[in-house]
Each structure stands twice: as C-alpha cells, then as structure tokens.
Amino acid sequence: MKPPIEIQKGFFYPICNEQEIERIFNVKNASDYLLKLRAETIVDHMRLFRVYRNKALKKGSDWSLENSFLSSHYDNVKIQLPEELRIKCDEVTHGNIFSNEPNGLIFKTEYGVVSTISDSLRYFIEFMNLGLLNFGKKVPMKIQLNGIRIALRIMLETEALDFLMDPRGIIPPKIQQKMHSSVPFIMQFIAGHEYAHLLLGHLDDNKTIKKHLLKAIFKSQNDYKMLDVYSTSQQNEFDADVASINLPNYGKKEKMFIFEGALMWYAFLDIYEGVEQSIFPPVGYQSHPTAKERYFNLLNKIETYPGFKYEYWDKHLPKSIEEYRNFFIDEVGFNIEFYEMNGSAYLDEPNTKWRGRELIDRVDYY
C-alpha cells in the first residue's frame with residue numbers, strides 16, 4: 001500500500017521546488033512527464049539524490065530541478081533548421097536526463113513524443129578527452145589511462161556521479177578547458193540525431209520496443225523504468241547521423257566542429273562498446289550499428305572542407321582507438337572487479353599532484 005500523498009511528496013522536497021512537486025503529482029503534459037521521470041530517477045538512486053540535494057541547497061530559493069538540466073544543445077539545432085522543420089520539431093519535448101543509453105532516447109508517451117540525452121554523457125566525454133587528446137608532456141600517460149577508466153565506469157553505471165562534490169583529481173584550468181571543448185558539439189550532434197529520426201519519418205507508433213531507462217549490466221543492479229522507445233533500423237541510424245549534420249543550416253566553422261565532434265564521439269563509444277560487450281555479450285539482432293560502422297559512415301558521407309586531415313581520421317585515429325579498445329578489453333578480463341565496484345575511481349593516489357588530499361565522504365562533503 002502506498003503511503004499518503006503528502007508523505008510521497010516529502011521524498012521530492014529536497015530536490016524540487018513546490019511548483020515542480022505539484023506538477024509531478026498532477027502530470028498534464030509532456031514537460032510535466034519529463035520532470036517526473038527526472039525526479040523519480042534521482043529520488044530512487046541515492047548517489048544522484050545526494051548530488052541534487054547539494055545543488056538545491058547551494059542555489060537556495062531560486063532552485064529549479066527542471067532548469068538545472070541543460071537543453072541548449074536541442075535549441076541550438078532547432079534554431080538552425082529551416083522554418084518548416086523547426087515547427088515540426090516543436091512537437092517534441094526535449095531535455096537531459098540520467099540514462100546509460102549512449103545515443104539518446106526518443107520515445108512516445110500519452111502526452112506526446114519525448115527526446116532525452118543522458119546528463120552523465122558530458123562527464124564521459126570529458127574524461128575520454130583527458131585520456132585520448134594530445135596534451136604533450138603536460139599529462140602523464142598514467143593519468144590519461146585513469147581518465148579513460150573513469151569514463152568507462154561512468155557508462156557502466158558504477159561510477160558515482162558526484163563529481164561536483166568529490167572531484168576525481170586536480171586538473172589544471174587549461175587542460176580542463178580542452179577536456180570540455182568538444183562537449184557542446186557532441187551533445188548538439190546527438191540532439192540533431194534524435195530530431196533527424198522525426199524529420200526523416202522514422203518514428204512509427206506501431207513500431208516501438210520496451211526499453212529500460214537504466215539498463216542493468218551487473219548482477220548487483222536492477223533495470224529501471226520501462227519506456228516505449230521507437231524502433232529504428234540500422235539504416236535509419238546511419239541516415240539520422242548524416243542528417244544531424246546536414247539538415248541544419250550550419251556555418252562552415254560550426255559544421256566542422258560538430259562533424260569532428262561526432263567522429264570523436266563514435267571513437268569514444270568504440271572503446272566503450274568493446275568493454276561492455278566483453279562483460280555483457282549482445283544477444284540477437286542489434287538495432288544500432290556499431291560505433292565503428294557509424295564512424296566510417298559519417299567519414300564517407302559528410303562533405304569535407306579545405307584543411308580536413310582525412311588521413312588522420314581515416315587511418316591514424318582508428319588505429320589508435322583499436323589499440324586502446326584491445327587494451328581495455330584485456331584489462332577487464334583480469335580486473336573485472338574494478339569495473340563492477342560501485343563508488344569512485346580517481347586519477348591518482350592521495351597526496352599527489354594530480355589528486356590532492358583524500359576527501360572523506362560525509363566529512364568533507366555530504
């Protein structure tokens with residue numbers, strides 16, 4: 001038996017304002033539905049709850065859970081679309097949420113179509129950038145490998161998402177800036193991909209599959225919240241990738257950043273897919289092509305620009321990614337416990353240049 005409604009509402013007070021709580025318990029539209037989905041996901045997962053409780057306390061009376069989730073990547077796609085396409089995209093309610101579906105989700109509800117991207121992806125991208133970008137001698141290889149390990153654990157849903165309270169190390173500002181630089185463009189590419197499914201006519205109400213918002217990988221985890229996600233073919237995925245870059249009227253420079261960001265995104269995912277599949281082998285037909293297939297489809301379908309280093313993207317980067325992929329697949333084989341452990345991984349040992357002193361949970365942060 002459910003507790004009285006006021007007691008149920010009490011679970012949400014630490015992370016929502018009063019108006020949002022009323023919307024959660026009286027859903028009237030797709031925006032309310034998305035807010036409810038976000039709030040329930042956070043309340044049901046203690047690590048997320050602690051992060052958002054702290055964020056709400058710091059913000060005070062101006063706090064809004066809904067406004068704490070970014071949506072600018074969706075808006076930046078829509079504003080560049082021709083008017084008739086932009087109007088069609090207005091039918092979709094959009095925004096970030098927490099999920100371990102790396103390509104975003106677009107699903108139907110009784111209130112309309114909703115598109116979401118996991119808010120944890122920005123951390124995944126940043127730590128992958130730390131691991132794979134060329135920083136010269138400024139970042140030791142040990143730190144770069146640990147950055148990739150943290151990124152993989154984020155996608156495996158075992159890494160605590162409390163980076164705002166417990167940074168995983170001390171990273172110089174200029175390196176942080178480089179780590180973050182591609183995040184907006186990759187998120188914009190993913191948002192454009194979800195819109196492209198709508199604009200290319202891929203969304204069929206008679207073709208949906210049940211999919212969990214959070215997918216269990218390890219025995220200690222449980223699948224969480226079933227959604228009616230639109231089912232698409234592998235060719236649909238290829239087409240939506242290309243349309244994500246070509247449909248908006250991007251200027252040459254912005255298009256370049258999004259194209260190269262998309263290639264890096266699939267390079268990152270190729271490493272993650274290798275690790276995930278070695279832990280949790282796929283069964284049956286896969287609706288999405290592999291990250292490697294999507295990488296080369298984009299490389300061959302998007303018109304390049306003067307100065308584009310085709311040899312690097314076609315040969316050098318894929319070779320490097322393959323080496324990293326094999327390295328981490330081997331590592332999982334003899335150190336699976338590290339990737340199954342729920343908690344936090346760090347860039348270095350305590351009291352070192354790249355870590356600083358060890359922070360104690362519930363002493364240094366709550």
Side-chain angles (χ1 to χ4, degrees), residues 99-103 118 120-135 139-161 168-169 179 182 186 190 212 214-221 223 234 237 241 261-299 312-348:
S99 168
N100 56 1
E101 170 55 54
N103 296 300
S118 179
S120 61
L121 288 187
R122 72 178 187 271
Y123 297 119
F124 170 72
I125 297 165
E126 287 176 2
F127 280 103
M128 274 294 192
N129 276 335
L130 178 62
L132 296 172
L133 296 184
N134 183 5
F135 294 98
V139 182
M141 178 55 69
K142 170 186 175 182
I143 303 303
Q144 292 197 280
L145 290 175
N146 283 339
I148 298 173
R149 291 182 178 106
I150 292 171
L152 294 174
R153 284 174 44 80
I154 290 168
M155 291 293 277
L156 291 169
E157 291 287 322
T158 54
E159 185 69 15
L161 297 176
R168 301 308 194 260
M179 287 170 58
S182 66
I186 294 175
I190 299 170
H212 290 96
L214 293 175
K215 176 183 63 177
I217 295 178
F218 300 107
K219 292 180 181 178
S220 60
Q221 299 172 322
D223 287 327
Q234 292 200 6
E237 295 301 322
D241 283 346
L263 292 175
M264 288 303 299
W265 166 241
Y266 286 128
F268 297 163
L269 282 186
D270 188 35
I271 298 174
Y272 165 65
E273 283 182 359
V275 169
E276 183 198 28
Q277 290 168 12
S278 70
I279 298 171
F280 196 69
V283 178
Y285 173 76
Q286 304 299 302
S287 62
H288 284 60
T290 66
K292 186 175 183 178
E293 290 170 332
R294 297 173 78 164
Y295 177 100
F296 281 105
N297 180 67
L298 272 178
L299 186 61
Y312 168 80
W313 294 100
D314 184 51
K315 303 292 184 185
H316 298 299
L317 182 62
K319 181 181 178 182
S320 178
I321 294 300
E322 184 70 17
E323 290 172 354
Y324 278 106
R325 177 186 166 105
N326 291 336
F327 174 87
F328 284 102
I329 290 173
D330 288 344
E331 180 172 273
V332 166
F334 64 79
N335 194 19
I336 184 63
E337 294 82 6
F338 172 80
Y339 292 94
E340 288 182 320
M341 172 194 72
N342 285 295
S344 302
Y346 295 90
L347 294 177
D348 209 347

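The figures that follow rest on heavy atoms only: side chains count, while hydrogens, waters and symmetry mates do not.
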Could you give me the CA-CA distance, side-chain angles and deciding distance for Y346 and N146, then say whether side chain to side chain contact (heavy atoms under 4.5 Å, CB included) is met? CA-CA 7 Å; Y346 295 90; N146 283 339; over 6 Å; no

Under 3.5 Å, is there a donor-acceptor pair between the side chain of Q144 and the main chain of L130? yes

Which pair of heavy atoms, one from V275 and one from V332, lies closest together, and at what distance? CG1-CG2, 3.6 Å

Rounded to the nearest 0.5 Å, the CG atom of D330 sits from the CZ atom of R325 at a distance of 11.5 Å

For side chain to side chain contact (heavy atoms under 4.5 Å, CB included), just list the numbers for F328 and L145, CA-CA rounded to whole Å, side-chain angles, deciding distance to a tenth of an Å, and then say yes or no. CA-CA 10 Å; F328 284 102; L145 290 175; 4.0 Å; yes

Give me the atom names and distance for the closest heavy-atom approach of F296 to D314. CE2-OD1, 3.6 Å

Reported CG-to-CZ distance for the pair L152 and F268, which is rounded to 0.5 angstrom: 11.5 Å

Kindly give the heavy-atom pair with the smallest separation between S344 and R168, and that separation in Å. OG-NH2, 3.3 Å

In Å and rounded to the nearest 0.5 Å, what is the CG to CG distance from L317 to D270? 9.5 Å

Ionic contact status for E273 with K292, cut-off 4.0 Å: no

Measure the CD1-CG distance between I186 and L121 for me, rounded to the nearest 0.5 Å. 9.5 Å

With distance as the sole test, does E293 use its side chain to make a donor-acceptor pair with the main-chain N or O of T290 at under 3.5 Å? yes

With side-chain hydrogen bond (donor to acceptor under 3.5 Å, both in side chains) as the criterion, how do E331 and Y339 come out once you've worked through the C-alpha distance, each side chain's angles and the decisive distance to 0.1 Å? CA-CA 10 Å; E331 180 172 273; Y339 292 94; 2.4 Å; yes

Between T158 (side chain) and N342 (backbone), is there a donor-acceptor pair under 3.5 Å? no

In Å and rounded to the nearest 0.5 Å, what is the CZ to OH distance from R153 to Y272? 13.0 Å

Approximate separation, where rounding is to 0.5 Å, of I321 CD1 and H316 NE2: 14.0 Å

Looking only at heavy atoms, what is the nearest atom pair of Y324 and I271, with distance? CB-CD1, 3.8 Å

Quick check: do N297 and P289 have side-chain heavy atoms less than 4.5 Å from each other? no

Applying side chain to side chain contact (heavy atoms under 4.5 Å, CB included), run through L269 and F124 and close with a yes or a no. CA-CA 10 Å; L269 282 186; F124 170 72; 4.2 Å; yes

Closest approach of E159 and I154, non-hydrogen atoms and distance? CB-N, 3.7 Å

Donor-acceptor side-chain pairing of Y266 and R294 below 3.5 angstrom: yes

Between W313 and Y295, is there a side-chain heavy-atom distance shorter than 4.5 Å? yes

Closest heavy-atom pair, I150 versus A345, reported as atoms and distance to 0.1 Å, is CD1-O, 3.6 Å

